[in-house]
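Since the structure comes first, as structure tokens, the remarks are kept for the end.
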Amino acid sequence: MTDENWAEAADLQENLAKKVDNISLKKETDENYEKPLSKEETSLLKKMLHNKLVQNNQELQVQQRDPTSPLYSVKSFEELHLKKELLDGIFSMGFNRPSKIQETALPLLLANPPENMIAQSQSGTGKTAAFVLTMLSRCDISKPYPQCLCLSPTYELALQTGKVVEVMGKFLKGLKVGYAVRGNRIQRNTSITTQIVIGTPGTMLDWSRHRAFDLRKIEVFVLDEADVMIDTQGFKDQSIRIQRQLTERCQMLFFSATYDEPVIKFAQQIVRQPNVIRLRRDEETLDNIKQYFVRCSNMDQKYEAITNLYGVLSVGQAIIFCHTRRTASWLAKKMCEDKFVVALLSGELDVSQRASILKRFKEAQERVLVTTNVCSRGIDVEQVTLVVNFDLPVDMHGRPDCETYLHRIGRTGRFGKSGVAINFVMNDRDMRVLQDIEQHFGIKVGSLDTDNFNEMEEKLGDD
DNA sequence: TGATAGC
């Protein structure tokens, strides 16, 4: 559904509300009396909404699978009638009440019989907790086989999500989590006994091929970062192959911060009768993240710029994004040689190194991380106050990659905190890429110079 | 280009 459709649907709904008011407040003889909606109008409205409902709340667009059922939202976790152990787990994580998207999403996620969902919301709004909670509430701990599956695009994200499952489920006696990720090879003829499996597509497919578990017994299937998972060469085949083996009654949940129009259409073709929850484009303004660019004329100047920024980078924690593994390892090596302390995280490292670097960064033992798009999505480190695009995000054709830009700078400014993003612009092509990004999000990215350097530093201090 | 499978 396009934004225009949404606007139209919202108008219709407002109109409907007016007419309802008229029925209750005005008589036919009164001035401004409007006839209630006719049958045809009602049916037109329903058609327009395509069985979807626009919530009064402007930030959230909710298209319910069944438009006739009332739309519940909850203001507390207690209202969800969860197992006590699960509720304890939620509170122990410091979640006192549902986030904005959770208020509406959780009742739909926990409905019985289970309903599918496609959800889009900015990073840091509580998506992970929402689907983890769903998985935990639906698995039967007395059964020693996988009942919930979650696919993530990277090793790091799978570990992070699994950690949330473990922590939220820590009071559920007997709950176990399995990790289908690189390095965890499956022995022949072994059966997985964990109720929940988190993994990356390749290994997950490998496990299911070795019959380590039965995809037909899966009750909840989560596709995290769903847009990359169904749209990227390599991920797509593997994810879809797994998804197609699931049963009709398996609950399918697609989550992401970004979907372009063709991708969400494709998602709607794969997922049967989903509830769709989206944040509007213009709500993705990122206004808590201050964005700048720095002009450099060549690679040496880029290097000089990053070293000049180092003092600012290490105030809090920072992530430096490079386009390739090669650039990332070159930069990290050069900086280390020049006595700037940085850590490198990219796919060229082996998995044990990757896990340990990520752990060190999360524990703030490393303050500055040089990385590739492997860390652009989902990685959640609260103290990250600064993101540098050493290379601007572009796709395989060199075109601006706005989705990745949003994900990258979304590593900072999480949970409403303020953050700073700095983009290195090396030539006219980069400048055009940045202009396209500005246009796409309707933002203005200002030049960083001596005049506003202090303003930028102050931003790093606020919370 | 990046990520993602082990053989």
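Lettering of chains follows the sequences in order, A, B, ..., and the numbering in each one begins at 1.
- Remark: A/K459 is not positioned above the aromatic ring of A/Y292, lacking an NZ or CZ atom under 6.0 angstrom from the ring centre and at most 45 degrees off the axis.
- B/dG2 atom C1' lies 17 Å from atom CZ of A/F390, rounded to whole Å.
- Taking atom CG on A/D401 and atom P on B/dA3, their separation rounds to 14 Å, with Å as the unit.
- Nucleotide B/dT4 holds its C1' atom 11 Å from the CG atom of A/L151, rounded to whole Å.
- Between A/F213 and A/W207, the angle of the ring planes goes over 60°, which puts this pair in the perpendicular group of the 30/60° scheme.
- Between B/dA3 and A/T232, no contact under 4.0 Å exists linking OP1 or OP2 to a side-chain N or O.
- Rounded to whole angstrom, the span from the CG atom of A/D350 across to the P atom of B/dT4 amounts to 13 Å.
- Here the P atom of nucleotide B/dA3 and the CG atom of A/D224 are 18 Å apart, to the nearest Å.
- For A/T372 and B/dA3, the shortest distance from a side-chain N or O to OP1 or OP2 is below 4.0 Å.
- At a threshold of 4.0 angstrom between heavy atoms, the contacts of A/G183 are confined to the sugar-phosphate backbone, with no base atom among them.
- Pairs of residues two or more places apart, or lying in two chains, never qualify as side-chain hydrogen bond (donor to acceptor under 3.5 Å, both in side chains) while including a residue from residues 306-323 of chain A.
- Across the protein-nucleic acid pair, A/I242 atom CD1 and B/dT4 atom C1' stand 11 Å apart, rounded to whole Å.
- Looking at the side chain of A/R354, the nearest of the listed nucleotides B/dA5, B/dT1, B/dA3 is B/dA3.
- Nucleic acid contact class of A/G347 (heavy atoms, under 4.0 Å, all strands): sugar-phosphate only.
- Among residues two or more places apart in sequence or in another chain, the side-chain hydrogen bond (donor to acceptor under 3.5 Å, both in side chains) test is passed with A/Q365 by A/R360, A/E363.
- Distances shorter than 4.0 Å separate none of the side-chain N or O atoms of A/R325 from OP1 or OP2 on B/dT1.
- On a pure distance criterion of 3.5 Å, a polar donor-acceptor pair joins the side chain of A/R209 and the base of B/dA5.
- Rounded to whole Å, the distance from CG on A/N184 to C1' on B/dG6 is 13 Å.
- Put simply, the side chain of A/K302 gets close to the backbone of A/F390: a donor and an acceptor are under 3.5 Å apart.
- Nucleic acid contact class of A/Q233 (heavy atoms, under 4.0 Å, all strands): base.
- Contact annotation: A/R408 does not reach the phosphate of B/dG2 (side-chain N/O to OP1 or OP2, under 4.0 Å).
- Taking the side chain of A/T200 as heavy atoms from C-beta on, and the options B/dA5, B/dT1, B/dA3, the nearest nucleotide is B/dA5.
- Atom CG in A/D227 sits roughly 14 Å away from atom C1' in B/dG2 (whole-Å rounding).
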